[in-house]
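Take a look at the following structure, please.
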2 protein chains.
Amino acid sequence: MPHTPTTRRAPDRGRSLLGPALELVHTGRAPTRSALTAALGVTRATAGAVAGELAALGLVTVDQHPIGSSRGRPSHRLDLAPDGPVVLAAQLHADGLTVALAGLGGSLGEPVRHPLPARTDPASVIGAIAEAGAELIRADHRRCLGAALALPNPVREPEGTAPAALTFGWPGDTPAAALFAAAMAAQDLGPRARRPLPTAVANDANLAALAEHRHGAGRDARHLLLVTSGHRGVGGALVVDGRLHTGSAGLALEVGHLTVDPLGRPCPCGNRGCLNVETDPAALLAAAGRPSDPTGQLLDQARELTRTADRDPAARAAVHQVVDRLALGLAGLANILNPDRIVLAGLHRDLLAAAPDRLPEAVIRHSLWGRCDQVPIAASALAHGGLVGAAELAWGPYLADPQGVAG
Amino acid sequence: MPHTPTTRRAPDRGRSLLGPALELVHTGRAPTRSALTAALGVTRATAGAVAGELAALGLVTVDQHPIGSSRGRPSHRLDLAPDGPVVLAAQLHADGLTVALAGLGGSLGEPVRHPLPARTDPASVIGAIAEAGAELIRADHRRCLGAALALPNPVREPEGTAPAALTFGWPGDTPAAALFAAAMAAQDLGPRARRPLPTAVANDANLAALAEHRHGAGRDARHLLLVTSGHRGVGGALVVDGRLHTGSAGLALEVGHLTVDPLGRPCPCGNRGCLNVETDPAALLAAAGRPSDPTGQLLDQARELTRTADRDPAARAAVHQVVDRLALGLAGLANILNPDRIVLAGLHRDLLAAAPDRLPEAVIRHSLWGRCDQVPIAASALAHGGLVGAAELAWGPYLADPQGVAG
DNA sequence: TCACTTTGTGCCGCTCCTAAACAAAATACG
DNA sequence: CGTATTTTGTTTAGGAGCGGCACAAAGTGA
């Protein structure tokens, strides 16, 4: 029975309310001090002390000027400090890269989009991201406490490698996290950024799910399933009890190869009728008999198609076919995961908009024991879910222990 | 912004080490006081106090007589008190009911099996279970602190109803939890049982997964997927970070309708080739061309078949076919859930024993990016997983707050 | 203006836990 | 066989977090 020396200190169990309190303000669930008191389930005295400490850390402002209320003494408002610290959120797309600064509360600065560099090897792409991010950090007057990057491919945990970065043909097990950390470390971040700047890398669908759960269409859902379709296949993500379920290696929710049509189109995986090839932009265009320009913007073309479904019979039929396939996949996932909310993003969001009744009805029909009849299927509410989610990832350590911002 | 009164007390944050400490002893991870110190990450003084408190509660004995060790002063042994309290574990099968008393540590008394009562309506069956359980409780000299029942059908949370108890043709939404609570309350439990006796009801596959995670083949797995096949279809369960994922309504992991053969046998759900109908006892017997006696013990016949696979070519071919289907289903689940261990029970356990290489290889072949090549597929290690799991469920509140045993 | 309600604040005390120093019980080595 | 070393148990003091309480403050409603 070998075990570590002896007296090892735990990361102080104390100060346990500070993290939950900041998270409540961060997610907008504690707009006033009395709401914080109730949500934490502590006495007013304790909540006051906690709020004061968050204010002392420069994260929160306690506004004496009240907000119109019902009866009794109005409670002080709790707002996130406008000049509080920020984090860098970055996202890599198939056709570009985006960076933005983000404060607490899911607030995102204006995203800045850059084209991909000429060379698309891992180091060049990630280096370009770091450069664009550093520019943003230097130009801002607020303190930058971390950076996170959303990637359009799986990210293996805890190594932070990309086992199958198909978009750019990166080699297997590309050390994305290490590359990003090194690239950020090599940048000039100006005088106000934390050195070394903590960095993190994760899959974009996972981050979008986290973002929707905290700030979007998944608020107050216990188990949130997000499904999205973009340029390259279908992505899924699951939030369980408020925390991302990324699986034991970070590879969970690879939902693209659920069978939704046994006689369907062949998939590179060897099977037929995978969700990936039946509900992606190319599938929708093919179902409508449209020539899918291989060099063009398939996603944009497919989105446009969903918008013409109300007047174009061929488009409508195509939407219905793909929606039915998608419903089968969602029902299968619901049978396994039993979420209490499903959020659709990317092309799937547009499909839901084009068939707002047919899709939920089909999901309910295919799920067992009506386990979906109470499950709302919602459209994603965030325009930049990946970026907001990256911000959440970067904020993570500070939400767990707000004292960290003082380090 | 309506919220509850004001000064509401949280369930004391203090005494936070008592629960984790008992859980460590309970799962065998802290056989000595110094192991407890290390596992809790606290000082020796604190661990000593905690151990003393557990001893004072009558749950643990601190044995001064040491166990042979390496160097230095030998640490005191921590054992579960032999005459400590017990809970009642009960399980309903398709062809009978089983009850047993269980102490901490996953120890199970001799299970007592009873036939089903003549009438199989919910109240009669659950009443018979309660009666058999009460007999056990009265006859034992230890204090009984709770009771839990494993049912072979889904259990909706938090209502505790059975939406589809196909086995006995119970009506939908049978209030199983309420019936069990009432049935136990109506029993004479002798002088030592807690009154009222806390009761709980859950699905047997879920409980078996919990049991395997704590005391069986799933120990020190982070995310454990259990798949089993019994008399009635395929059951699945998932343990995430040590806690059961039962979904938002308790209906998660209904894996029986994953498609594993697009051209396979028809399933009552309307599709073809569901895991349910392709990997259950009847499917195995059919694949071997055996007449499946509909009134007989399909499960036992199928199990026997797997044992003849090494000398009977027809049996081997049947096993291989079903194993391949099962592997497809497991790979699909692994793609979604990314567990770090898979445990097979019921008939699937026998299939693994009959094809110990073919099954893992096929799972790896069908999973993406080799996410399964490090995932052990193990046979269930507990003969009575459902009962052990029911005991875990009944112990749950006391593991969370050992002070509760003094109530 | 006077209840009444709701919220903020200061103070005390309790509980849990760490730190530090010391005592105890074994092994390793002369 | 005795002593040094190692590992563990125990005692004590002290600190941090949080509840309880009493009181003050700031509104609404009659």
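Below, read A as the first sequence line, B as the second, and so on, with proteins coming before strands; counting in each chain starts at 1. Keep in mind that what you see is a predicted model, and the values were worked out from it rather than measured.
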Nearest-Å distance for atom pair CG/C1', residues B:Leu18 and C:dT15: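 Nearest whole value for this atom pair: 13 Å.
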Below 3.5 Å, can you tabulate the donor-acceptor pairs from side chains in residues 389-396 of chain B to any protein atom, sequence neighbours excluded?
residue, atom, partner, partner atom, Å
B:Glu392, OE1, B:His26, NE2, 2.9
B:Glu392, OE1, B:Arg214, NH1, 2.3
B:Glu392, OE2, B:His26, NE2, 3.0
B:Glu392, OE2, B:His215, NE2, 2.6
B:Trp395, NE1, B:Gly103, O, 3.2

Interatomic distance, B:Arg77 CZ vs D:dT7 P [rounded to whole Å]: 22 Å
Whole-Å distance separating the CG atom of B:Leu36 from the C1' atom of D:dT10: 16 Å
Separation of atom CZ in B:Arg44 from atom P in C:dC16, rounded to whole Å: 21 Å
Check: A:Arg71 side chain, D:dG27 base, donor-acceptor under 3.5 Å: no
Between B:His141 and B:Asp83: side-chain donor-acceptor atoms closer than 3.5 Å: yes
Between CG on residue B:Leu145 and CG on residue B:Leu88, distance to nearest 0.5 Å: 12.0 Å
Distance-only donor-acceptor test (3.5 Å): side chain A:Arg73, base C:dT7: yes
Short side-chain N/O contact to C:dT7 OP1/OP2 from A:Ser34, under 4.0 Å: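 For A:Ser34, the contact criterion (side-chain N or O under 4.0 Å from OP1 or OP2 of C:dT7) is met.
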Helical bend (five base pairs per end, nearest 10°) for the helix from C:dT1-D:dA30 to C:dG30-D:dC1: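 Comparing the axis at each end, I get an angle of 10°.
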is_close_aromatic(A:His223, B:His245), centroid dist under 6.0 Å: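 Ring centroids of A:His223 and B:His245 are less than 6.0 Å from each other.
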SB check B:Arg222 B:Asp241 (cutoff 4.0 Å): yes
Test item: side-chain donor near acceptor, A:Ser34 and A:Thr37, under 3.5 Å: no
SB check A:Asp220 A:Arg341 (cutoff 4.0 Å): yes
Whole angstrom value for the distance that separates C1' of C:dC16 from CD of B:Glu53: 10 Å
Any A:Thr43 side-chain nitrogen or oxygen under 4.0 Å from OP1 or OP2 of C:dG8: no
A:Asp63 CG to C:dG8 P, straight-line distance once rounded to whole Å: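 Those two atoms, CG and P, are 12 Å apart.
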Residue-phosphate contact under 4.0 Å: B:Thr46 side-chain N/O, C:dT18 OP1/OP2: yes
N or O in side chain of B:Arg33 less than 4.0 angstrom from D:dT10 OP1/OP2: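 Yes, B:Arg33 has a side-chain N/O under 4.0 Å of OP1/OP2 on D:dT10.
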From D:dC18, C:dA26, C:dA19, nucleotide with atom closest to B:Pro74 side chain: C:dA26
